[in-house]
Amino acid sequence: SGMIVGTPAYMAPEQACGEAVDYRADLFSLGVMLYRMGTGRLPFIGPNTMAVLTALATVTPPPARSFNPNLPQSLSDLIGRLMSKDPVGRPQSAAEVAATVREVVKGLQAKKSASTTAASPEAIVPQGRPTPAIPGSAAETSEDMVLVEAERASKSKAKAWRGRTA
């Protein structure tokens, strides 16, 4: 029907332009959520909806780690890949994202066990910013929440796309 539906700041560029979308648009939105959780700010901003939509299509935000140096480089890289303007540049499945998140958490846990002052998953939240809306503070709880949501979204989208006609 030509309508664009969604929250502008979280839309994939192809969605904002009214083009065909697939599950990778949801991965883009996940990248925006992770960016906001890790930095306390949205990657695409503007004084009105049109400015935000224009930013989605034309602006490459600074890496999340530039705003929060406590973020692991691998997580900042994942966020950047998730927010690729080209869907081909994004991870190709929620399972791939979940596997990468598991590796990030394992790396943080390994650092924590090697040094009591190493960054933990809780320590990567930007100082002076609201805490992400993830219940509990244990690394396993945060990882489980992300993984469960990613797997739920993946199954839901796969089922929806299988039911479509060409």
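Below, all heavy atoms of this structure are taken into account, side chains as well, without hydrogens, waters or symmetry copies. Predicted model only: the values in this text are computed from it and were never measured.
Separation of atoms CE (Met33) and CG (Asp26) is listed at 9.5 Å; rounding is to 0.5 Å. With rounding to the nearest 0.5 angstrom, the CZ atom of Arg41 is 10.0 Å from the CG atom of Asn68. Residue Glu96 holds its CD atom at 8.5 Å from CG of Leu27, rounded to the nearest 0.5 Å. The OG atom of Ser29 sits 11.0 Å away from the CG atom of Leu34 when rounded to the nearest 0.5 Å. Separation of atoms OG (Ser93) and CZ (Arg24) is listed at 11.0 Å; rounding is to 0.5 Å. From Gln15, atom CD reaches atom CG of Leu53 across 9.5 Å, with rounding to the nearest 0.5 Å.
Listed for the Lys85 side chain is no donor-acceptor partner under 3.5 Å among the backbone atoms of Glu14. Formation of a donor-acceptor pair under 3.5 Å by the Ser113 side chain with backbone atoms of Ala110 is found in this model. For the pair Ser66 (side chain) and Pro62 (backbone), a donor-acceptor distance under 3.5 Å is absent.
Listed here is the closest heavy atom pair of Pro87 and Gln92: O-NE2, 3.3 Å. Of all the heavy atoms in Gly89 and Ser84, the pair that sits closest is CA-OG, 3.7 Å. Of all heavy-atom pairs between Ile79 and Gly31, the closest is CG2-O, 3.7 Å. Contact detail for Arg65 and Pro72: the closest heavy-atom pair is NE-C, 4.1 Å. For the pair Ala51 and Gly46, the tightest heavy-atom approach, listed with the atom from each and the gap, is CB-CA, 3.8 Å. Contact between Leu71 and Gly38 at its shortest, heavy atoms only, is CD1-O, 4.0 Å.
Using a 4.5 Å cut-off between side-chain heavy atoms of Ile, Leu, Val, Met, Phe, Trp and Tyr, with links allowed through other members, Leu56 and Ile45 fall into the same hydrophobic cluster. Val52 and Leu42 are members of different hydrophobic clusters when ILVMFWY side chains are connected at heavy-atom separations under 4.5 Å.
Residues Pro91 and Thr100 have side chains not in contact (no heavy-atom distance under 4.5 Å, counting atoms from C-beta outward).
Figure legend: Arg90 and Phe28 shown without cation-pi pairing, the cationic atom not lying both under 6.0 angstrom from the six-membered ring centre and within 45 degrees of its axis.
Side-chain contact check for Tyr10 and Arg36: at least one donor-acceptor pair (N or O, by modelled atom type) lies under 3.5 Å.
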Using the rule given for side chain to side chain contact (heavy atoms under 4.5 Å, CB included), can you reason through Lys112 versus Leu108, listing the C-alpha separation, both sets of side-chain angles and the distance that settles it, and then say yes or no?
CA-CA 6 Å; Lys112 188 175 182 178; Leu108 290 171; over 6 Å; no

Kindly indicate, with the supporting measurements, whether the criterion side chain to side chain contact (heavy atoms under 4.5 Å, CB included) is fulfilled by Phe44 and Met83.
CA-CA 11 Å; Phe44 307 102; Met83 293 192 310; 4.2 Å; yes

